[in-house]
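I have placed the structure first, in the form of structure tokens, so that the comments after it can refer back to it.
Please read all numbers here as calculations on a predicted model, not as lab measurements.
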Number of protein chains: 2
Amino acid sequence: MAMIADRAGVGAGTIYRYFENKDVLIAELHRELEEKMTAAVGKGYSKEMPIRVRFLHLGTSLLKYFIENPLEFRYLEQFHNSPYGVDYRRDKILGKQEGCNIFRDLFEDGVSQQVMKDLPLVILFALAFGPLLAVARDHILGFIALDEVLIVWTIEACWDGVRR
Amino acid sequence: MAMIADRAGVGAGTIYRYFENKDVLIAELHRELEEKMTAAVGKGYSKEMPIRVRFLHLGTSLLKYFIENPLEFRYLEQFHNSPYGVDYRRDKILGKQEGCNIFRDLFEDGVSQQVMKDLPLVILFALAFGPLLAVARDHILGFIALDEVLIVWTIEACWDGVRR
DNA sequence: TAAAAAAGAATGAACGTTCATTCCTATTTT
DNA sequence: AAAATAGGAATGAACGTTCATTCTTTTTTA
């Protein structure tokens, strides 16, 4: 909190005029980033395209977005690996809520049209996003240098994982 | 550290007779767990089997191991997502070291025998372990209940991701 | 009895948060 | 027009707590 106040050029106590406490600040920042990310990824996307095209579009968009916004990626990842994020996911998965509609819709369509494997949604998510996140992390940490083709190949390999 | 001492039935200072500091303790525990895990996963494994069989064997063994040892899994995951783990991976990847030999050998064999995609090792690792870790996490957190068949299907899907 | 090991109280740094005070701007009063 | 007042925003020192580590004392071992 002290560092945030510093970077904002503001006194330590001022933060608490805008955010009740640290947890609220973290949650609100997460909401904002996820909204921004969803908007960016959804650009040029249409539900009318074939499943495979939709998948490749969302996958590459997302991976590119993470690579171009490494700080946001790091934040989202830390959030998801923290108790905040676990609670968040628990609400979303068990609550059958709205969130992550784009992705959920895609997988549900894919399964019902028999072009994706008939596996639980959670597993399809893991097959698609597991490698994507791992690769983004490795790129940001400098373990690999992703370029346009490598990105496409990676997402296509993810597609091989989920497709029937 | 206080909790660890308590659980060990030992005074707070005693730990420091066996471990220089917390970092060393963390690193040594990690080494021990990884060794144990590698041993467990390597059981019944042979380099002479076909690539696909080797992959499915290691994958299912690893996933089952994580599911049966959730505490170890949580520890290994936290370690890898921490600065300790990032430094550890950096040494291993950029240093071209020995570690993770079983897996590395498998992927190198797979690529050279043209049965796996010709992608950088790091990406093949991501395609194989990304979903595996995600699925293990989701199981442990109670978001899904993995049984024998679901485990096999998941690993087979991972195989579809890496295979040519 | 000397040396090694264990114990746990003490230490100090770091953290999130609070609160009495100051500062700034807008409104009211002279 | 100038002075006085009010109210909300900002400040940063101070607080209580937690944590890894150290230090001194006590106990065990050889």
Side-chain angles (χ1 to χ4, degrees), chain A residues 1-37 66 69-92 95 99 133 136-137 140-142, chain B residues 1-37 66 69-92 95 99 133 136-137 140-142:
Chain A
M1 297 300 273
M3 282 177 71
I4 291 170
D6 262 12
R7 293 264 203 135
V10 125
T14 308
I15 295 180
Y16 293 87
R17 295 203 55 79
Y18 298 89
F19 303 94
E20 194 190 330
N21 55 40
K22 199 190 169 192
D23 287 11
V24 169
L25 184 148
I26 287 172
E28 288 203 22
L29 178 52
H30 173 258
R31 211 172 35 70
E32 196 177 305
L33 292 185
E34 199 159 70
E35 204 168 292
K36 190 190 152 206
M37 188 193 74
F66 286 150
N69 304 276
L71 278 176
E72 292 186 24
F73 175 75
R74 301 254 294 160
Y75 184 82
L76 291 171
E77 241 209 342
Q78 273 209 39
F79 181 87
H80 275 109
N81 287 324
S82 76
Y84 303 111
V86 171
D87 291 347
Y88 177 79
R89 275 200 77 199
R90 174 158 285 128
D91 288 351
K92 203 141 99 182
L133 298 176
R137 185 167 49 240
I140 287 167
L141 291 173
Chain B
M1 295 300 275
M3 282 177 71
I4 291 169
D6 261 13
R7 295 261 203 136
V10 124
T14 307
I15 295 182
Y16 292 87
R17 295 201 53 78
Y18 298 89
F19 302 94
E20 196 190 329
N21 55 42
K22 199 191 169 192
D23 287 11
V24 168
L25 186 150
I26 287 173
E28 287 202 24
L29 177 53
H30 172 258
R31 211 170 37 70
E32 196 178 305
L33 292 186
E34 199 158 70
E35 205 168 292
K36 191 190 152 206
M37 188 193 74
F66 285 150
N69 304 277
L71 277 176
E72 294 187 23
F73 175 76
R74 300 253 296 160
Y75 183 82
L76 291 171
E77 240 209 342
Q78 271 209 39
F79 181 87
H80 276 109
N81 286 324
S82 76
Y84 303 111
V86 171
D87 291 347
Y88 176 79
R89 275 200 76 200
R90 175 158 286 129
D91 288 352
K92 203 141 99 180
L133 298 176
R137 184 169 47 240
I140 289 168
L141 291 174

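To the nearest 0.5 angstrom, Arg89(B) atom CZ is 12.0 Å from Phe79(B) atom CZ. With rounding to the nearest 0.5 Å, the separation of CG in Leu29(A) from CD1 in Ile26(A) is 8.5 Å. Note that CG of Leu33(A) and CG of Asn69(A) are 9.0 Å apart. Values are rounded to the nearest 0.5 Å. Atom-to-atom distance recorded for Met1(B):CE and Leu25(B):CG is 5.5 Å, nearest 0.5 angstrom. If you take CG on Asn81(B) and CD on Gln78(A), they are separated by 8.5 Å, rounding to the nearest 0.5 Å.
The ring of Tyr88(B) has its center closer than 6.0 angstrom to the ring center of His30(B).
Once you apply a 4.0 Å limit to the heavy atoms of chain B, the touched nucleotides of DNA chain C run 5' to 3' over dA5(C) to dG8(C).
Applying the side-chain contact (heavy atoms from CB on, under 4.5 Å) test to Ile140(B) and every residue at least two apart in sequence or in another chain returns Pro70(B), Phe73(B), Arg74(B). Shown here are the side-chain contact (heavy atoms from CB on, under 4.5 Å) partners of Glu28(A), two or more places apart in sequence or in another chain: Phe19(A), Val24(A), Arg31(A). With sequence neighbours excluded, the residues forming a side-chain contact (heavy atoms from CB on, under 4.5 Å) with Ala5(A) are Val10(A), Ile15(A), listed by chain and number. Residues forming a side-chain hydrogen bond (donor to acceptor under 3.5 Å, both in side chains) with Glu72(B) (at least two apart in sequence, or on another chain): Lys36(B), Tyr65(B). Judged as a side-chain contact (heavy atoms from CB on, under 4.5 Å), and not counting sequence neighbours, the contacts of Ser82(B) are Tyr84(B).
Applying the side-chain hydrogen bond (donor to acceptor under 3.5 Å, both in side chains) definition to pairs two or more places apart or across chains, none involves residues 6-20 of chain A.
Near DNA chain D, defined here as any heavy-atom distance below 4.0 Å, the residues from residues 1-14 of chain A are Val10(A), Gly11(A), Ala12(A), Gly13(A), Thr14(A), listed numerically. Contacts with DNA chain C (heavy atom under 4.0 Å) in residues 16-24 of chain B: Arg17(B), Tyr18(B), listed by number.
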Polar atoms only, N or O, under 3.5 Å: list the protein pairs with nucleotides 24-30 of chain D and their distances.
none

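End-to-end axis angle of the helix from dT1(C)-dA30(D) to dT30(C)-dA1(D), using five pairs per end and rounding to 10°, comes to 20°.
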**OP:** Go through Arg137(A) and Phe66(A) one step at a time and tell me if the side-chain contact (heavy atoms from CB on, under 4.5 Å) criterion holds.
**Re:** CA-CA 9 Å; Arg137(A) 185 167 49 240; Phe66(A) 286 150; over 6 Å; no
